Structures are given as C-alpha cells and as structure tokens.
There are 2 protein chains.
Amino acid sequence: MRQTDQTAGRRRGATIIDVARVANVAVGTVSRYINGQTIRRSNREQIERAIQDLGYRRNAAAASIRTDLTHMIGFLVPTFDEFHARMLEHLAHSVRQTGRALLTYCHGGDPRVVAEALDFFAAQRVDALVMDGTAEVYDRVDDLIKHDIPIIFYNNDVRGLAADRVMVENQRASHRIVSHLIDLGHSRIGILTGDPRNSSGIERLAGYEQALSDRGITIDPALAARGNWRMDGGYEATKRLMSLQTPPTAIFSANYGMAVGALSWLKENGRHVPEDISLASFDDVAIFRLYEAGITAVAQPVASIAETITDILVERLTEPSGDATRNVILECDIILRGSTRRIN
Amino acid sequence: MRQTDQTAGRRRGATIIDVARVANVAVGTVSRYINGQTIRRSNREQIERAIQDLGYRRNAAAASIRTDLTHMIGFLVPTFDEFHARMLEHLAHSVRQTGRALLTYCHGGDPRVVAEALDFFAAQRVDALVMDGTAEVYDRVDDLIKHDIPIIFYNNDVRGLAADRVMVENQRASHRIVSHLIDLGHSRIGILTGDPRNSSGIERLAGYEQALSDRGITIDPALAARGNWRMDGGYEATKRLMSLQTPPTAIFSANYGMAVGALSWLKENGRHVPEDISLASFDDVAIFRLYEAGITAVAQPVASIAETITDILVERLTEPSGDATRNVILECDIILRGSTRRIN
DNA sequence: TTGTAAGCGTTATCAA
DNA sequence: TTGATAACGCTTACAA
C-alpha cells in the first residue's frame, strides 16, 4: 500500500496507473497515448486532463527496463579542455535533437577512473558510448561491446576493437603544416609530441617526420621533445628544445595545450614569435586568433566530428543490427597566421 | 520466455535471477551481496563465480524504480565556455567521488531547450539538478521542486524558488576591482555589462556603480555598454564606448567572453593595453595569464563552488528531509596584472 | 482502438 | 543470514 510504504526515499509521484484510473481508461491506453499512438479523441482529452491534474511525469527508468533504451549516451573524456569542451557542446547539441542526452564522465588520465566510468555506463545501460580512446582499457571496452553497447571513438583510437571511429587526418594535416614551415625556409624544426600511447600523438609525429624526409631533411631525434598534451609538458619540452646546441628555428606543437606552454616559456625567456622563432600548432583555439599576430594552426572540424558521431549513433541504434564498423576520417584546415615567418 | 521475446532491441544480458540460479542461492541473497551486506562466505564465493561466468552487470535503471535513486545529477548550462567547462570538470570530479555522474544538457539560451531539458531530467528522475539560473523558467523549475527534486543554482540566481544557491560575491568583487582602477587615477571607467536579466549581471553592474559613487564619481550611463556575455557583444560594446566624445580611460568587463571581444576590437583598431586604455575583467581564464602583460581579473573560486555544490547535494540526498534552503556566497580574488595602469 | 495481464530486473518485506 | 515473493512503473502481446 503506497501510504504505508516506508521504502520511498522521497514522495513518489503519480504513476501511469493513477492516470488511467482518473481518466477512466486502461493503463495500456495511457501508455499508447504517451508513446504517440492513435487514441480515441475522447480518451485523449480525459488522459490529458488527468496528466495535468495529477502532475504526472513519465518514469523513463521504468520504461527502460522494458525497452532496453535509456536515451542516454555515455561521454568519456580525459579532461574538459577547450577541445573537449567544444566537442561536448557540439555533441550535446546534435544528440539533443535526437531526443537523447549525454551522461558525462571525466577520467583525468587515471585508468582506475576509466574503469569506474565504464562500469557506471554499463550499469546505467547507456544506449551507446562516445569516448576519446585511451589504451590500457582494451579489455573493459571489449566487454561493453560484447554486451552490445555501441562504442564510438574519436580523437584517439584503440586498435582491434569492434567499434566505430570518427577521426581526423592527423598525419596529413601535420605533414601539410610542417611542409609550410619548410617552405618558409626552416629546416631545423622541433616538435612537441603528445603521449606516444595515443594514436593521434603517433600520427602527428609521423606526419612531421614524413614531411621532413619528403624534403630530404634528416630527422634529428633531439628535435622531438616529448610533452604530455598539457601546458606544463609543452613548457618543459620547449625549454629542452631551446637549450640544444643548435635550437630549432621553428616549433610544431602536436596540440594546443602544449603550444600554450611553449608560448609561456618563450615569453618568460624573452624570445619573440615569430621574430626569434616560428610556432605552429595542432588545434585552433580562441587564444590562437588573438595572441599577438596570431598562431598558425590546424583547425579540426569539431562540428563535423560531432555530427558524424551522432549520425553513426542513430544508425547503430535504429538499423537492424549494424554490420561492419565505420571508420570516418575528416579533413582539417590549415590556418596561416603571423606566428610562422620566412627565414634566410 | 526470453528466447522468443521479440521486443528486446538488443541481446539482453544475464540478470540477478540468472546469477542466483547458477550460484544456487536466492535472488535476495545476490541483491544483498551486490549492495555490500554481509553474506555467508561460501555463498559469496559462489555468487562471485556466477557473476564472473555470466558476465553479469547490475541494471541500475531497474534498481532505481524501487529505490527512487538514479545516482545521476542533472547539469544544465547555457554554453560550455571556459567558465562552465571548468565548472563541469570540477563538478564531475567531486560528484564522481560520491558515486554519481552528471547528465548534461546545454541550452544555448533557448527557453524551449531549457524546458525540454527540465522535462528530460524529470523523466530520467535525476537525483538533483545543478544549473546556471535562467529566468523565464520559474514555473518549470518550481514544478521540479514540487516533485521533490533538489535544485542548486550557481552563477545566476532565480529569486523566489525553494532552491539552494552557491554564488560568488559579484558586487563586492566588482567593487574592489573598479576601486583599483580608481586608485590608479581613472575616473572615466566604462563597463561591459552582461544580460540584465541575469543576477550576476545586475550585481556586477551594481558593484561598479557603487565603487564610483563611493569615490564621488558621477555615474555616466553612456559608459555602461550592454553586451551579451559573449565575444561579439563585448566587441560591439567596446566599439560604442571608444566612439564616445570622451572615451573611457579604463574598461571593466563583467565577464571574460566580453573582455576577449574588447581585446579583439582594441587590437584591430590599434589601441594598446595598457598604454592607450586599461582593461580589467571578471573571470580569470588562461588567456588572461598569457596575453601580453596579462589581464587584471577577478578569479572565481571554481573548485570551491563545485565542492560546495557537491556538499549540499550529498546533504540533501542523505539528510532526513532538508529544512531551510542554503545560500552560500564565496569570495573571489583580484589578480593584478599588466593591463591596468596608473594615469595622470 | 481498447482492456487485461504478463513481463522487465531490481529491492525489500517477512517468515523461517 | 536466507528464501520466497510482493512491489516498483512501465510496455506490449493477446484477445476482445
């Protein structure tokens, strides 16, 4: 009996049964009305009035245990830096238009939190999971896939999993921007690399190396300074590069966070961009448009990435049973600004 | 019969019943094990093996229809700019440590989307809702409160609702930073105001005006240029201020987005900061630390805001039944940098 | 189109 | 501690 139920943590609201009783119809009829099926007009009006009077609200959780559809998409990222925040904004927007929302989790690079997040998503029965691929969690993600939860990777891939992927042409874009530096007369070009366990880090480094060798420039391992995608890593890596016997005349940063660290070190040490050194970076963020003469950058098509992810999502969730995994690779733009300068 | 059930959209996994059967115990026992109650050792081992073998995963949605607890917190923001992204990151972190996650929705300033979000949260039965207050939705939020969903406002308040609030001392911080400009000899100080429907916009403007009148400076309405919190609004508002007969010698921006717009206009028009004009802003963001000599700013205690919200959340969700609403107001720091300069 | 009733996967009560 | 079983709020055959 509801009134004597001690278990409810909070006052329970009206249910579909209450609505049916007040409207003098069967629960099935109310359910059909709620789900947009055709209903006799008189019934519809009575149901609407009952819903109004009772302040009834459908319980999606209850529905989901029958339908196995929660209308929630898991979204797992390492951090909410500008890149991921923009992804989130675009993704939230496109996913919203399909009647779904994002259950977000931020792992901060901690594998235990990643595992925790995947468990949480599995328990909540998210309809699908969108994540920036992180290695080390191969098994746990595979487990989700075995439980028929579609996974879509973006930004970084985890090879060998039956997941969809929406990536950008990391290697080609890096090749193009480094080639631009070479065109400007640079041959001693440093790179701030990301985490070598990340596919985008590997590919961006490969694009850099390919561009150099395509132009007959010997690759000097000392010019590849390892960062960690973050500002502090870029700062330290830049310091190392600039302390070399023969420092580079140009630096390419594999992401924007490290580029900000580079700018910070250069500024503190009185090196001017582009007079003393040219700088180019992956990712196009607000600060690059504003900083002094602007920073030359690779612009990722964030909106397209989000839309493509949503398209794949809807496809996976509506099509009978998806066949082959999809692997979309989107193009990037190179935005030339004042931070890259001709030398000699 | 499971095998013939046509309704399942996807392969259904093992249930607690399956686990009980394989482990040779009752479902109640499995449930108790899952929820951390004491279990006879032999049973525990058999249950653990069964869970392992079956790849069982608890269905949180099913549990929630009995417990009325989803372990999801709704998070509603207008946009994922740097301020809200940082809030999200901190909030996700602190909320995670209580075993919950954030169901995020981004409304982009559209009241229809706000309404949609609130309906979605209500249907999903989020345990609580954290939101940047938006006017115009008084009734719908009140409806959620009537359904016993705790609401916590941050950044902007909506007066008159039985909700908790975690705000910052907008007026006092603005007063302090404007007073600093006056100390430097400025008397013709412009302000880029936010949306006047937002409580923080009102309070920051009030702090500005109070600072002026406290020092006997007449308030010139022409010096209050209305922005929209965004870069484009700040750009246009700055243009208007700088086109006045007697332009200001200093500008205070009520948030960082408009300050970036101001920097953009000033740069395009060859005005240097701080030589030609001083600039100070609410919000302390990455670009302010890096931009030329740095931008003087009000630093909001984002981490504290998030932690306070989480504390209140936990309190509301565990205490018998919350009494009075809480109204926390946190202090801000003024960070002095190179963008504000003494004149005369 | 409607009513009836059997699930869905949990939790919680109650007697043992 | 455990087992058996009645909720929880909804969807969906199935029969009318």
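FYI, side chains are in, hydrogens and waters are out, and symmetry mates aren't considered; it's all heavy atoms of this structure. Protein chains get the first letters and strands the later ones, always in sequence-line order, with residue 1 at the start of each. Remember, predicted model here, so these are calculated numbers, not experimental data.
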Do the non-hydrogen side-chain atoms of V141(A) and F153(A) ever get within less than 4.5 Å of each other? yes
Would you mind classifying the nucleic acid contact of R58(B) as base, sugar-phosphate or nothing, using non-hydrogen atoms under 4.0 angstrom? sugar-phosphate
In whole Å, I'd like the distance from the CG atom of N59(B) to the C1' atom of dG7(C). 14 Å
Atom-to-atom span, CD1 of I17(A) to C1' of dA6(C) - whole angstrom: 14 Å
Mind running a 4.0 Å heavy-atom check of residues 35-57 of chain B against DNA chain C and sending the residues that fall below it, in number order? N35(B), Y56(B), R57(B)
Length of the line joining H147(A):NE2 and dG9(C):P, which is rounded to integer Å: 12 Å
Do the charged groups of D127(B) and R316(B) touch, with an N to O distance under 4.0 Å? no
In sequence, state the C-alpha distance, the side-chain angles, and the governing distance for E45(A) and R49(A), and then conclude on salt bridge (charged side-chain N to carboxylate O under 4.0 Å, His left out). CA-CA 6 Å; E45(A) 285 164 354; R49(A) 181 177 2 245; 5.8 Å; no
Starting at the 5' end of DNA chain D, which residue's closest nucleotide do you reach first, A62(B) or N24(B)? N24(B)
Could you state the CZ-P distance from R66(B) to dT11(C), rounded to the nearest angstrom? 10 Å
State, to 0.1 Å, how close G74(A) and F121(A) come at their nearest heavy-atom pair, and which atoms those are. CA-CE2, 3.7 Å
Length of the line joining R21(B):CZ and dG9(C):P, which is rounded to integer Å: 12 Å
Can you give me the closest heavy-atom contact between R57(A) and R125(B), atom names plus distance? O-NH2, 3.0 Å
Testing dG3(C), dC8(C), dT2(D) for proximity to the side chain of T29(B), the answer is dT2(D)
Given atom CD1 of I16(B) and atom P of dT2(D), what is their separation to the nearest angstrom? 14 Å
How many whole angstroms separate atom CZ of R125(B) from atom P of dC8(D)? 14 Å
Between the side chains of D18(B) and R21(B), is the shortest nitrogen-to-carboxylate-oxygen separation below 4.0 Å, so that they form an ion pair? yes
A63(A) has its side chain closest, among dT12(D), dC8(C), dC10(D), to dC10(D)
Phosphate OP1/OP2 of dT11(D): any R32(A) side-chain N/O under 4.0 Å: no
When we call it a touch if two heavy atoms are under 4.0 Å apart, what does S31(A) touch: a base, just sugar-phosphate, or nothing? base
Taking any heavy-atom pair under 4.0 Å as a contact, classify V27(B): base, sugar-phosphate, or nothing. base
All heavy atoms of Q46(B) vs all of A23(B), minimum pair found to be OE1-O, 3.5 Å
Whole-Å distance separating the CD1 atom of I34(B) from the P atom of dT11(C): 6 Å
